[in-house]
Every structure is written in structure tokens, then in C-alpha cells.
4 protein chains.
Amino acid sequence: MKIGFIGVGAMGQPMLANLVKHGHQVLAYDVVDAALAGAIKAARDSELVITILPSSSHVESAYLGSGGVLEGIGAGRLCIDMSTIDPSVSRRVAEAVAKRGARFIDAPVSGGVPRATDGTLAIMVGGDARDFEEARPVLAAMGANIIHVGPIGAGEVAKLCNNLVAGVAAVAVSEAFRIAEGFGVDPKVLTDVISKSSGNTWVMEHMHPVPGLVGKAPSSRDYAPGFTTDLMAKDLGLVVNAARELRVPVLVAPAAQQALRLASSHGFGRKDFSSIYMFLRASSRESPV
Amino acid sequence: MKIGFIGVGAMGQPMLANLVKHGHQVLAYDVVDAALAGAIKAARDSELVITILPSSSHVESAYLGSGGVLEGIGAGRLCIDMSTIDPSVSRRVAEAVAKRGARFIDAPVSGGVPRATDGTLAIMVGGDARDFEEARPVLAAMGANIIHVGPIGAGEVAKLCNNLVAGVAAVAVSEAFRIAEGFGVDPKVLTDVISKSSGNTWVMEHMHPVPGLVGKAPSSRDYAPGFTTDLMAKDLGLVVNAARELRVPVLVAPAAQQALRLASSHGFGRKDFSSIYMFLRASSRESPV
Amino acid sequence: MKIGFIGVGAMGQPMLANLVKHGHQVLAYDVVDAALAGAIKAARDSELVITILPSSSHVESAYLGSGGVLEGIGAGRLCIDMSTIDPSVSRRVAEAVAKRGARFIDAPVSGGVPRATDGTLAIMVGGDARDFEEARPVLAAMGANIIHVGPIGAGEVAKLCNNLVAGVAAVAVSEAFRIAEGFGVDPKVLTDVISKSSGNTWVMEHMHPVPGLVGKAPSSRDYAPGFTTDLMAKDLGLVVNAARELRVPVLVAPAAQQALRLASSHGFGRKDFSSIYMFLRASSRESPV
Amino acid sequence: MKIGFIGVGAMGQPMLANLVKHGHQVLAYDVVDAALAGAIKAARDSELVITILPSSSHVESAYLGSGGVLEGIGAGRLCIDMSTIDPSVSRRVAEAVAKRGARFIDAPVSGGVPRATDGTLAIMVGGDARDFEEARPVLAAMGANIIHVGPIGAGEVAKLCNNLVAGVAAVAVSEAFRIAEGFGVDPKVLTDVISKSSGNTWVMEHMHPVPGLVGKAPSSRDYAPGFTTDLMAKDLGLVVNAARELRVPVLVAPAAQQALRLASSHGFGRKDFSSIYMFLRASSRESPV
């Protein structure tokens, strides 16, 4: 299939490579603003448009902006946005696309660069069921676990809600182990206790924030990501903002967002988000009294 | 063995019954303040003292107060405090006990009334390894999973740190599902997505806050506890206070503490703590504009 | 002057009346979505466009949407947006207006319906200094304290930052008095102490959250607004979102936002925002133990 | 009068000097733990005992501990505790003192070392009205503004509640100015706007966190205290803990506490607490993307 692919960043690059490997013909554009001028061309010359861009406003510009996808898209064409963005922006763009007689689904990914490279990303899709079925073979070139979650925006919502829990859990686990260490409790023993009890989490099992306890965890490789603190802070920001628009009260999500934002600006932004533990550790220095 | 047992509340009652069933001779006292006057007698006439009381200050009075355990305890005797309290209080009491030539371990439990009744509580023990071994047969009458965590206070720390993560997770999961519902995402589908991803938690698997998704969860029985919101708010309060004394910064723990405190005073105090979801739902009513 | 006025809500109505009283000829449109179709006409037939709308997205639609102001505005014309919205939306709209050769300033107001009626609103203006001077006579028909704060968006920023402090202060003062009452301290005496000390705030002096201490405070009139909890929650939401976009960490602002959001959904949304005190009071009911 | 004075720290030293200057005969002891052994002697040989110690547990030891004040105090004698501590500890100590037939009032101070030196501290007193009157001449040697707030503990409560609002306000004002700066708004103009509006606070007027706007503010002297971040974090910790014991929900106070705790461990602990602004500024560094 002839695919226009907008957004060749760290994630987009291996995803694009996998599309090519599966025999698709891909017309690719960088994420940089200048290149967005090519969006109209990407849309005009392709059977299918894929976008994967760093923010809600990038996606809005790429589709709705002057020289954007909308100005080039033919009636009936399908657009797949794989960016992680505000679900209400997905809806707004989808409506505008629909007005041009074309179709839109949101399909954010999780798994990071390693699984983008292997073509085994998890892909959560929001949109019409037939559009989902039509997109599936193309998505299958990039991901292994492809789920239709619900209507437009639902893919974003599912991804963000998962990350809300994962991000909060990483902060909670880190707080727990900092306290335990303050009392001289061996983190290995505490891990054993919690792993059999009500506090067990995927985060502790697979990306334990304390170095040396879980071999494959980022903490055991100097917090090489995985998923960066910057990206997790961004996702928590998106989900807290979504809660605001829905008037749903949230208490732990904004607290975790700010914890990660602080960690980011204190040097942990490009580390794995489990490095929030190291930020808390660096923040427990006694000031001399 | 001749055991003085101070604190026959909802939890203490079945625990005491199990001790008797295992052939121990138990001299029992209620938790009410008046009965604490009996502590000195309980200590004098027993080979072993067990306490399970509702708060740090109850424990301090029972041991250190006028007419308390310390005034009756013989040299070499062992005291087991099974209350959930501030670990620094455990340490203070242990020191005072040691000055009298006696011994003290902290051994808080988890599992609630059902497992207290079955004699299958989890018991986390802090204190000297030999004292732990000496206490083990008695503890085995009440619990199934008995772990020596570390020095005095470590049992409390382990319990509280586990509950920190469990309590925070319950709030995070509830926030996530409230947001998802606001976007019309089916909670069952979201549960499937999260259960295979980085946001998975014991809390969602076994006590999913949304009714009807996990058969045995409290949410499917009108949030019958389990572990009440009041108790979880208390434990989060203890752990946040411990963090304060250690000067360890914590961000999500106090946010979850206040969320549960609010839920408690809005009618969910004696429900299972997963009912925080219902509090958030009750708190999302649009006010008329 | 011939003025197109879009947004005749509770605030807009007396503001519009004051414009007419000052001899302006006003072409007025309601805030409801249907009426926005009139925006193009309002823009085409007026020398000056004024908008005062309830949200960022209303403003975006009114200016940028199909049939919006932009499609009717003549080159050189001035637009004054008096809505309280996201300052980055002000900037975006201003850019689009500039592309059509017209001009835009943001001029949010404070003082509520009473001062809108008296024509004594405070008006904080962002935009070009000459545009500000040109707008001043018109603004003077509606407000008494008219300040040029800085470039486009600065009016919004100033209003939101003021409300950040006022909103947080109302929550802090309420928390302080709830604690003092718990210890049996007379709120009148505490007010005297604080009013002479480092904790003094405009909020306590003029809108003391505890009823009966300050005669003219909303609390002494059953929390009749003043400025509603709903509007304060909205403004805190806007400023927290602005902080997110700037990557500025904020800790007390989101905590106050969620406190007010909760108060709103528990029946205090249309009361003055100092009623957060009553929400905290309603939230301190002991649950029976 | 013959006064036993326990706690000659940075604050105690000038306070003691003022007592001597007023003709009192003072038997003084250091705050260090070893010196507390002298408490019994201080109590036995004095007509009046004054304590000013760094923490609740120091006060408990000094009065209730082995060799403490209680063991030496004569019936009818008056004790004045000028420490800033948990008001429920004040109550507990007062009860124990009463059991010995002696009397106790709490009288924490504010104003810092400069006003301790000038003898112009503000002193907030909790306790019996006659005890207050009896203590007043002695207190007048150290302070200028001496208020009887209520029953025992009320002095502490008043001080802590004032500091709750002041501490939260400092964080709120700092957040507001960081956001405004992010949008390029001149902090001087914003100060003018807020000072005439609902966001005005004593904190902004007298200790503006942004350097260069208020001449006498600590921020204009490299944040020389004033009142340190460490002490404000301690006081917020005390008041949040008091709220916990009262089951009063608090949202902004714990957020401010953690903000100051973080600032403390990142190098601002011994600076004035308005340096929270500098911590937020240091925490807004973009991490490279």
C-alpha cells in the first residue's frame, strides 16, 4: 500500500522500517515544523496517512493547519494517528477529517523503541470498527498486540489511563522504599513481602526502582529507558488535563505528575521514569541543622 | 503457654480464639481504656504478653503508662505487639521494655477478620531473630505467612509500606476508570488492556474498584470490607508521618491519604477502601451552570 | 462607536448596558453556540468587536470557526476579548487575527456582576500599547481600574496568577481555621493573631471563610457570591494547565484546584469560593468507629 | 525572679539575655541531650521554669523523662514552654505537670533572632488566664506582642495555623510569579496588579519571593532569614500532623510542606522560606528533548 508517514522521530523510524519490510511503499516526512509543509503532499499521494507526532498541537497543525493533511486528503481515505495526545484533540481532528469525507482512527503505541524495532508494539485503537479492521494489516507490520478499545479517542484514553496507574505506582513504590530504607529495612526483604501482598504491582515486578533487585529493570542499567521521565510526565499532564475537562476530581495523578516534572528538571528527564526513586533519594539529603 | 492478651477488638477476638484452640491459656483484656488498668496484672501473671490495640498512644499507655505492662513484666519475658502503629513508637516501647530486662517484638498483621478467623493472617515481624524464633509457634496459631523482616519496627514499616502502595494504587485505579468512563470507554475493555500492561496491580486484579468486573472483589458486594477506608486512611497517615520524621519527601502518599480521609467523612469510612471509586463518582456530579 | 458584542451572559449583560449608556451603538449576540453563527455579521458590521465567552474553545470557535469573526473582520479593525481563558489560546487567536490584518487584545475582568453593573470592573489588558490606548475609552465604559500588563496573553496571565494566590489562600485559611476549631481555639481570636502576622491575606480580611467574623464577607450572607467555586476551580484549572505547558512545577495550585473541584460537586459550585471552608467542615464528620 | 531556663539555642540565647537584663536570675541549660540531665536541678532550684527546645520529643524528655523537670518541680510552680511543638504534646505534658500540683502554659514565639534580640517577639500563649497573667511580666522581658489565645495548646495552634497560611502563601506566590515569567510578564507589574486585588498577602508585601521588588525582603539579601525553609517545613509538618489527629482533611498544607521539604534538601534549608521561589526556578530547567 502507498502510505504517507508523517513524524520520523525516534519511535517513527523503526516503525517506518517495519512498514517497508512488509512491502508497503512509504512516503515519509520528518516531525520538524518545516517538513509539515509536506503533509498536504503526503495526503494527496497516498492511500493511507499515518502520523506519529510529539504533541497535540503538532497533530492539530499537521491535519488542520495551512498546507495540512486535510487540504490534500481524498474522500474515503483513512488516517491513522499514532501519536500520544489529548483524546479531545483526536475527536476534534476526527470530526474535521469526517467533514472532508475521509476517516480517522487514533492508535497510540506502547513498548518503546525496542518493541518498535521488533515490530511488537502494543497498539490501542479508537474509532469505527470497520476502520479498525481495515487498518489492522498495516498496524500488524508495527505491532503485536493490537486492540480495538472503543470510539474515537478511546485508544488515547486507554493508553493514558494505563500510564496514569503505572506512573503513580512508580512514585508510590519509590516513596515506600525510601521510607523503608530510612528505617533500615532491607529492600530485598521488603520486595518479597510486597510481592505476595496487596501492594504488588507490575512496576515493582518488572521495573523495580531500586537498583540491583530485578535484573532486567532499567534501574539495573543506570535507568536507561524504557520510557523516559519526560514522556511519563507528559502523559500524566495529558491525563490530568483530560480529567479537568471532564470535571473528574483526581488527587494522586497530579501529585505524581509534579513529582516527575521535578525529577525531570533535576536531571532525570531522559532516564527511565523509575528514576523518580533516585530523585527522591537525592531529595532526602539532610540539610545541616 | 500462659499468655496475657491485651486488646480484644474485632481482630483480637478471633486471634485469641485461635490461641486457645492451640492449647494456650489466655488471660484477656479488652481494648477499652478502663481495662488497660489490667495490663500490669496481665504482664505479671503471664509467660508472654500479646497486645493488639487501635493506636500508637494506646500502645504507649498500655506499656509505659501508670499500671501498664512495664510495671508488671518480669525480666526475660517476651512482649509481642501486633498493633499497626508508628514504627518509632515500637522502638521507643522496645527500649523501655529492654531497660526492664524484658524483650519486645513488633508483629502487625494483615488479612482482616476473615483470615484472623481462619488463622491465616500474614504477620510481619520486627525484632531480634531469636525472639522471632521464640514467638513463631505462638504466631503460628494465628497466621500462616510469618516473616521476619528486620530489626524492631521493621514489621510495622513493611506493613505500612505495603499499604502505602496498595492505598495509592486504589486511588490511581479509581481515577483512571473515572476518566475512561467520562470518555465512554468500556471499563471491561480497559481492564483487559491494563491487565496486560505496565499499569497492572494486585489491587485491580483482586479488588477492582468498579463493581461487576471481578467477582470476589469487595466492589461486587457493595464494598463490604476487606480493609476499611478508615483503616487505610489511618495507615497512610502513619506512613506519611514516618516520612516526615525521616525527612523523606513523599508526594502521592499524602494525596492518597487525604483522598481516603475525604471519602471516609463522606460515608465510605467503614466500606472497603476500594470504595474511593464511589466517592470520586459521587464527586463528579456536574454542578448546574 | 459601532460595537459588535458577542457573549451576553450574566457578566456580559451589565457590561453591554454600560457601553450603551456611554453612547455606543452595540450589535449584541448571545453566548449560545447557535448565536455564534452571527459572529461573522457582528464583525462585518462593527468598528470594534468585543467578546466575553465562557471557555477557551468558545473563543476559538467564535474567532476561528466557520462563520466566525475572522471571516468578517476588516483589515485594521480591533478585537477585544474579555473572556477568562488560556493565555496560549489568546496568543493563537491573536496571530490568526493579525494574519487578516486586524488587531487583538486580551482584557479579562474581575469584580463580578456587582462591579460589572456599576461599571467599576478591574480590567487587565495584554497586547500592543497603542491598541490598549485605542481600547481604553471603550473599556472605561465598563471598568474603573484598567491596567496594561504586557504583551498579548498578559492580561489573562495576570488575572489567573492573582486568582491562583487568592484561590490557594482561601483553601489555606479554611484549613487553618478548621484545625484551630478542632483544638477549641476561638476563630475570632485566631483572626486577630493572624491579621497582625505573616499569615495575613486579603482573602481573610475581606472574605473570611468563617461566617460571622467579617460583616461584608460572602460567608456572612450564606456564601452568596462574589466569585463562585465553579469559576475559581475553572481559573485554577487554566493556570495549572498553563504551568504544564511552560513546564513550571506547581504544587499548591493543583491541590487547591482539586479541593475546589470536590467542593463544587458536593454542592458548593455556585456559592462563593470561600465556601471551601464549609466543604471541609462537612468533610470532618467523624465516621463512627 | 529565679528562673530555670532550658534550651539555650540560637533563639534562647538572646531571650535569656533579655531576662537577665530585666533583673531575673537565670539558671541556664543547653538544648543538648546531655544537658537535659540538668532539668531536674533547674526545676528544683527555680521559682519558674522556661523551656525552648527544638522538637516535641525534646520537650517530652525534658519534662517527663528520667531526671526531667517533673522529678524536681515543686507544687504550685509555673512552667512556660516556648518551643514550637505539637499542641497535643503540650496538652499531655500539661496534664503530667498538673498531676504534680504544678502549672504549665505554652507560649511559642515568632519574629526570629532579630526580634528575640530586641526583646520584641510575638508570644502566643495557651493556658489558664491567671497563669498567663502571672507569666506576663517575665514574657514581657522577651516579647512585645503577648496574646492569650485560649486553653493549653492554643498558643501552639495559633502559631502553627498562622504559619500554615504564610507557608502556603509563599509557595502560591512563587508559583504565580514563575508562571507569569514564563509568559514574559514583568514581575513588577504583576506585583502592582495583585497588591490591589484579591491575591494580596502579607507574604508578597513584606517578603516578596522575587528578588529586587521589595527592598527589605529576604529575597533582596540572598534569602538570608527571616525564618528558614527548614523551620517552615517543620511547622507545616506539625500542623499537618495535628490535622491528621483531628481527622480534618487538608490539601494545600501537605502540598506546601512537601514543596518546602524538597527545597530544603536541594540546598535551601537554611535560607529564608521565600527561597521556595528559587527552588521552583531551579526546577524549571528544560531537560533537553
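Below, all heavy atoms of this structure are taken into account, side chains as well, without hydrogens, waters or symmetry copies. Because the structure is a prediction, the values reported are computed rather than measured.
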Legend entry - Pair D:Arg130 + D:Asp128: basic N to acidic O under 4.0 Å: yes
Legend entry - Short N-O contact, D:Arg136 and D:Glu133, less than 4.0 angstrom: yes
Inset, instruction - In sequence, state the C-alpha distance, the side-chain angles, and the governing distance for C:Arg178 and C:Glu181, and then conclude on salt bridge (charged side-chain N to carboxylate O under 4.0 Å, His left out). - result: CA-CA 5 Å; C:Arg178 287 298 303 142; C:Glu181 287 162 13; 2.9 Å; yes
Legend entry - Residue D:Val189 versus chain C: region with a heavy atom under 4.5 Å: side chain
Legend entry - Proximity breakdown for D:Leu190 and chain C, heavy-atom pairs closer than 4.5 Å: side chain
When heavy-atom pairs shorter than 4.5 Å are enumerated against chain C, which of [options] gives the highest number?
options                                : value
D:Asp192, D:Asn145, D:Thr201           : D:Thr201
D:Met124, D:Met204, D:Arg91            : D:Arg91
D:Ala255, D:Ala256, D:Ser198           : D:Ser198
D:Gly199, D:Gly126, D:Ala180, D:Gly182 : D:Gly199

Contacting moiety of [X], where chain D heavy atoms sit under 4.5 Å:
X        : value
C:Ile179 : both
C:Ile147 : side chain
C:Val185 : side chain

Legend entry - Residues in residues 150-170 of chain D near chain C [non-hydrogen atoms, under 4.5 Å]: D:Pro151, D:Ala154, D:Val157, D:Ala158, D:Cys161, D:Asn162, D:Asn163, D:Leu164, D:Val165, D:Ala166, D:Val168
Legend entry - Ring geometry between D:His148 and D:Phe132 (parallel below 30°, tilted from 30 to 60°, perpendicular above 60°): parallel
Inset, instruction - Please work out whether the ring planes of C:Phe227 and C:Phe273 are parallel, tilted or perpendicular, with thresholds of 30° and 60°. - result: perpendicular
Legend entry - Between C:Ser197, C:Ala243, C:Ala259, the one whose heavy-atom pairs under 4.5 Å with chain D are most numerous: C:Ser197
Inset, instruction - Could you tell me which of C:Val252, C:Asp186, C:Val250 has the largest number of non-hydrogen atom pairs under 4.5 Å with chain D? - result: C:Val252
Legend entry - Distance flag, aromatic centroids of D:His208 and D:Phe177, threshold under 6.0 Å: yes
Inset, instruction - Report yes if the side chains of C:Ser284 and D:Pro249 come closer than 4.5 Å at any heavy-atom pair, otherwise no. - result: yes
Quick check for you: to the nearest 0.5 Å, what is the distance between [X] atom [atom1] and [Y] atom [atom2]?
X        : Y        : atom1 : atom2 : answer
D:Thr228 : D:Phe268 : OG1   : CZ    : 13.5 Å
D:Lys234 : D:Leu238 : NZ    : CG    : 6.0 Å
C:Asn200 : C:Ile194 : CG    : CD1   : 8.5 Å
D:His206 : D:Lys216 : NE2   : NZ    : 9.5 Å

